[in-house]
Amino acid sequence: MNEFLQAKIEAILFAAGDTVRIDRISLILGVDPADIIEASEKLSEMYESANRGIRIVRIGDKLQMVSNPDYASDIIKVLEHRKPPRLSAPALETLSIVAYYQPVTRAYIDQIRGVDSSYTVSVLMDKGLIDKKGYLNVPGRPALYGTTDLFLRTMGITNLEDLPELPDVSTSEGVLKLQEQIEQIKENQQIEGQLSLYDSSEQEQSGSEDRTEEDEIVDDESEKEDLQTES
C-alpha cells in the first residue's frame, strides 16, 4: 500500500508541475495527511539516495516536485534559460527584513534601512520572492508584504520557523555572526537550482530577449541607489 501511495503522489506532483496542498491530496486519495507526508518523505529519500534528477520538497503545507539543484546548470543550458542574476546587497537586505518581520509595510522597511526601498521591493516582487499579503487598517491602507513559497524553496526550508535565528547585534560577536550569515546566503544563492519541472515563469522568460551585462549593471546600480519610484 505504501509503494502504491508513493506512486500516486509521484504521479500527482509530476502532472501538477507546481505546489499541491497536502490536505487536498489527502482528501482526494482518502488517506490521512500524516501518511501523505510520510510517503512523500520516503519517496524523497529514495530519489536522494539514488542521486536521481528530481526531488520532492515540502513547502509549508504543500508538496512540489523539482529538479535536482546539482544539475541546474545543465538544465539551463539545454532549455536555453538564462541564469538568473544574483540578488544585490540592497535586495538581500530588504528580503531579510521582510522574511524576519513579516507582514511589514514599505514604510517599516524604509525605517529600518534608512532609505527609500520602493524600487527594491518591486524587484523582489517581480522575482516572486515577496508578495502583498493584505493591507494595514490605517489611513491610506498601506500594503503588507510577506515572503512566498518561492522564497521558501529558494532558501531550501519548509517553514519560516526554519530560518536561522537572528543574532544579537548589540555585541561585536553578534554583528560578526550576522555578517557571516549574510556571506553564507550570498554564497548559497542558487535560485535557478530549484527549477520545477514545469516552471511557467521560466518558460515565459525563455521567450523574451536576453538582457545584456550592461542591463544587469544598471539594475544593480539602481538598487544600490534606491531609485525614488513608487511601487
With a 4.5 Å limit on heavy-atom distance, are the side chains of L13 and Q64 in contact?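 No, side chains not in contact.
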
Side-chain touch L63/V57, heavy atoms, less than 4.5 angstrom: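 With C-beta onward as the side chain, the pair stays apart.
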
Exam field: side chain [X] to backbone [Y], donor-acceptor pair closer than 3.5 Å:
{"X": "R58", "Y": "G60", "result": "yes"}
{"X": "R52", "Y": "S49", "result": "no"}
{"X": "N68", "Y": "D70", "result": "yes"}
{"X": "S67", "Y": "I54", "result": "no"}
{"X": "T94", "Y": "A91", "result": "no"}

Indicate the atoms forming the closest heavy-atom contact of [X] with [Y], along with that distance.
{"X": "R21", "Y": "D61", "answer": "NH2-OD2, 2.9 Å"}
{"X": "T105", "Y": "L136", "answer": "CG2-CD2, 4.0 Å"}
{"X": "S117", "Y": "D110", "answer": "N-OD1, 2.8 Å"}
{"X": "V138", "Y": "P142", "answer": "CG2-CD, 3.5 Å"}
{"X": "L43", "Y": "Q6", "answer": "CD2-O, 3.6 Å"}
{"X": "Y135", "Y": "L144", "answer": "C-CD1, 3.9 Å"}

Quick check for you: to the nearest 0.5 Å, what is the distance between [X] atom [atom1] and [Y] atom [atom2]?
{"X": "S122", "Y": "K127", "atom1": "OG", "atom2": "NZ", "value": "10.5 Å"}
{"X": "I109", "Y": "S118", "atom1": "CD1", "atom2": "OG", "value": "10.5 Å"}
{"X": "I36", "Y": "I12", "atom1": "CD1", "atom2": "CD1", "value": "7.5 Å"}
{"X": "L163", "Y": "T147", "atom1": "CG", "atom2": "OG1", "value": "7.5 Å"}
{"X": "F4", "Y": "L29", "atom1": "CZ", "atom2": "CG", "value": "9.5 Å"}
{"X": "L92", "Y": "L129", "atom1": "CG", "atom2": "CG", "value": "9.5 Å"}

Please determine whether residues [X] and [Y] belong to a single hydrophobic cluster, defined as Ile, Leu, Val, Met, Phe, Trp and Tyr linked transitively by side-chain heavy-atom distances below 4.5 Å.
{"X": "Y100", "Y": "L152", "answer": "yes"}
{"X": "M46", "Y": "Y71", "answer": "no"}
{"X": "L27", "Y": "L5", "answer": "no"}
{"X": "F14", "Y": "I9", "answer": "yes"}
{"X": "Y101", "Y": "V98", "answer": "yes"}

Could you tell me whether the side chains of D131 and T148 share a donor-acceptor contact shorter than 3.5 Å?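 Their side chains do not contain a donor-acceptor pair, so the 3.5 Å distance test is not met.
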
So which pairs with a foot in residues 36-49 pass salt bridge (charged side-chain N to carboxylate O under 4.0 Å, His left out), sequence neighbours left out?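 Every salt bridge (charged side-chain N to carboxylate O under 4.0 Å, His left out) pair that includes a residue of residues 36-49, provided the two are not neighbours, is E38-K42.
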
Any pair with a residue in residues 92-101 that passes salt bridge (charged side-chain N to carboxylate O under 4.0 Å, His left out), sequence neighbours left out, goes on the list, sorted by first then second residue, please.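 Non-adjacent pairs meeting salt bridge (charged side-chain N to carboxylate O under 4.0 Å, His left out): E93-R113.
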
Carefully, step by step, assess Y47 and E10 under the rule side chain to side chain donor-acceptor pair (under 3.5 Å). CA-CA 11 Å; Y47 290 154; E10 184 178 45; 2.4 Å; yes

Please walk me through it: do R106 and Y145 pass side chain to side chain contact (heavy atoms under 4.5 Å, CB included)? CA-CA 8 Å; R106 204 190 74 201; Y145 297 96; 4.2 Å; yes

side-chain contact (heavy atoms from CB on, under 4.5 Å), paired with F151, selected from L124, I130, L160, I59: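 That would be L160; it is the only one of L124, I130, L160, I59 passing the side-chain contact (heavy atoms from CB on, under 4.5 Å) with F151.
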
